[in-house]
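Small disclaimer: the values here were computed from a predicted structure and weren't measured.
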Amino acid sequence: MATALVASPLSAQSAPSARIPPAENAPIAYLLDASSGQILYARDIDRRFMPASITKVMTTFLAFEWMEEGRLFPQQVYGVRPDTFRKWHRKGSTMFLPADARVTVDDLLHGVTTVSANDGAVVLAEGAAGSVEDWVAAMNAKARDIGMADSHFGNPNGWMDDGKTFVTARDLGTLAQAMVTRHPTKYRHFVGAKGLKYNGIEQRNHDPIIGVVPGADGIKTGYTNQAGFGFLGSAQRDGRRLVMVVAGSPGGRERNAASRQFIEWGFQHFDSRVLFANGARIASARVQQGGAGEVGLTAAGPVRISVPKGTEPQVSLALRYEGPLQAPIAKGEEVAELIVSIEGMPDHRVPLVASEEVLEATMLQRVFNAMRSWVA
């Protein structure tokens, strides 16, 4: 059985300094406010790179999705195939699965998220999907589904594969945001432990920000000779979550320092404000052939913005949808987006959903609607 060692709160350790990492220490740098969807900083975020073990975040997310769908359960038990043991025993980062292991999905996922277990990722893929190939196909389908437009996965653990696996920082931000917003309970359970004890062996998590940056809770480091040093990280304070990517760092020390300073910079240099409370009606959209002529629009949660600390920038809002919308419309269906423009910052988009159901109009309602349009 695996035992996760939970991260302890920051004690007397002082917070790291705050700054944007220099390009020589982090050629790729991306800071996203996951609470608002805003980009706070971007450097070469659409450049493709090999993610190494950060690939395992996609494996973890797919497992979370399958759990939600009832296709995978934490207490399912898998064995280790002989060929898998021969290939992955003590190969790179490992949770030291024995040849005769009977291991739960819960233990495998803790191995993947905490000690970057190459063997655990492959055993999970084979057990859940029947083969690595089918699991990888599901990874890529899920990546497309959540909007990772410029990434591809060739294996479940990020082992070098001659460039078949590649990502962008923008796509990793999309992945991290989907993971923490869709699966907050699973994220808290599986991500952020300080270490793991399995099969009598204790190993520590090499995450550079847990226990150093207040509120830090993950997510995943990566390193190979081909990929260099990278990190996808996240921290939350006072209900505000930041997601960060640094990649292409020349060494682990440079990556770790860049990660700590970068995310601290995000918290120290921006204020978070609420534009619309949770459930607030933000706008309305015209509806055609419906029992109602318009539908209310709301966001999935509160609409927040981040602004540079100590400033009062001009904020403008615009509604965008292809309309008029066509009935029927289900409550909660995504039908529009709110464009938030903040002076001096990139625009960002907030998906809007229907706040109520709109059924197709009855014959009588259609006649009434036609008469109303003539009068108008």
Side-chain angles (χ1 to χ4, degrees), residues 2 48 50-167 171-172 175 178-179 182-183 186 190-191 196 198-199 219-220 222 224 226-227 232:
R48 290 179 176 180
M50 291 176 285
S53 283
I54 301 173
T55 297
K56 297 182 179 88
V57 181
M58 189 70 232
T59 282
T60 301
F61 177 67
L62 179 60
F64 288 0
E65 292 279 287
W66 281 20
M67 286 180 186
E68 199 70 22
E69 297 166 12
R71 300 176 62 180
L72 190 65
F73 300 93
Q75 297 312 313
Q76 279 179 272
V77 176
Y78 298 139
V80 180
R81 299 177 183 179
D83 184 60
T84 301
F85 179 79
R86 285 191 296 270
K87 183 174 181 180
W88 292 105
H89 181 60
R90 295 179 179 269
K91 188 172 183 178
S93 301
T94 174
M95 61 187 293
F96 298 99
L97 288 168
D100 60 351
R102 300 291 295 169
V103 58
T104 65
V105 168
D106 188 277
D107 285 351
L108 288 170
L109 272 175
H110 273 112
V112 167
T113 59
T114 306
V115 297
S116 196
N118 289 322
D119 52 353
V122 173
V123 171
L124 175 65
E126 292 176 337
S131 70
V132 165
E133 292 75 18
D134 286 346
W135 179 263
V136 170
M139 289 171 67
N140 286 310
K142 187 60 68 175
R144 291 190 298 271
D145 179 61
I146 64 173
M148 296 178 70
D150 201 20
S151 297
H152 184 268
F153 299 97
N155 60 60
N157 59 16
W159 194 258
M160 294 173 286
D161 60 4
D162 298 319
K164 294 176 184 176
T165 298
F166 58 84
V167 297
D171 281 356
L172 288 181
L175 173 59
M179 175 182 283
R182 290 194 192 189
H183 307 290
K186 296 179 182 66
F190 286 106
V191 179
L196 181 81
Y198 177 79
N199 195 28
I219 302 174
K220 190 75 195 70
T224 66
Q226 290 181 349
L232 170 62

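Within the 4.5 Å cutoff, no side-chain heavy atoms of K164 are placed close to those of V136. Contact annotation: the side chain of N199 approaches that of P98 to within less than 4.5 Å [non-hydrogen atoms, C-beta and beyond]. Between V57 and L232 there is a side-chain heavy-atom pair separated by less than 4.5 Å. Counting heavy atoms from C-beta outward, L108 and L97 have side chains that approach closer than 4.5 Å.
Pairs passing the side chain to side chain donor-acceptor pair (under 3.5 Å) check and including a residue from residues 81-90, sequence neighbours excluded, read T84-E126. Within the structure, side chain to side chain donor-acceptor pair (under 3.5 Å) pairs that include any residue of residues 62-72 comprise E65-K142, E65-R182, E65-H183, E68-K186 (at least two apart or interchain).
Annotation: K91, atom NZ; neighbour count of heavy atoms from other residues, nucleotides and ligands within 6.0 Å is above 12. Residue D145 places its CG atom among more than 12 non-hydrogen atoms of other residues, nucleotides or ligands, all under 6.0 Å distant.
Atom CE of M67 and atom CG of L109 lie 4.5 Å apart (nearest 0.5 Å).
Residues K220 and S116 have side chains that bring a donor and an acceptor to within less than 3.5 angstrom of each other.
Closest approach of F85 to A99, counting heavy atoms only: CE1-N, 3.3 Å. The two residues V167 and P51 have their closest heavy-atom pair at CG2-CB, 3.7 Å. In this structure, V105 and L72 approach most closely via the heavy-atom pair CG2-CD1, 4.0 Å. Across D107 and M95, no two heavy atoms sit closer than the pair O-CE, 3.5 Å.
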When you look at T114 and F190, which way does the side chain to side chain contact (heavy atoms under 4.5 Å, CB included) test go after all the steps? CA-CA 8 Å; T114 306; F190 286 106; over 6 Å; no
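At a threshold of 4.0 Å, the pair R48-D150 counts as salt-bridged, since one of the basic side-chain nitrogens sits closer than that to a carboxylate oxygen.
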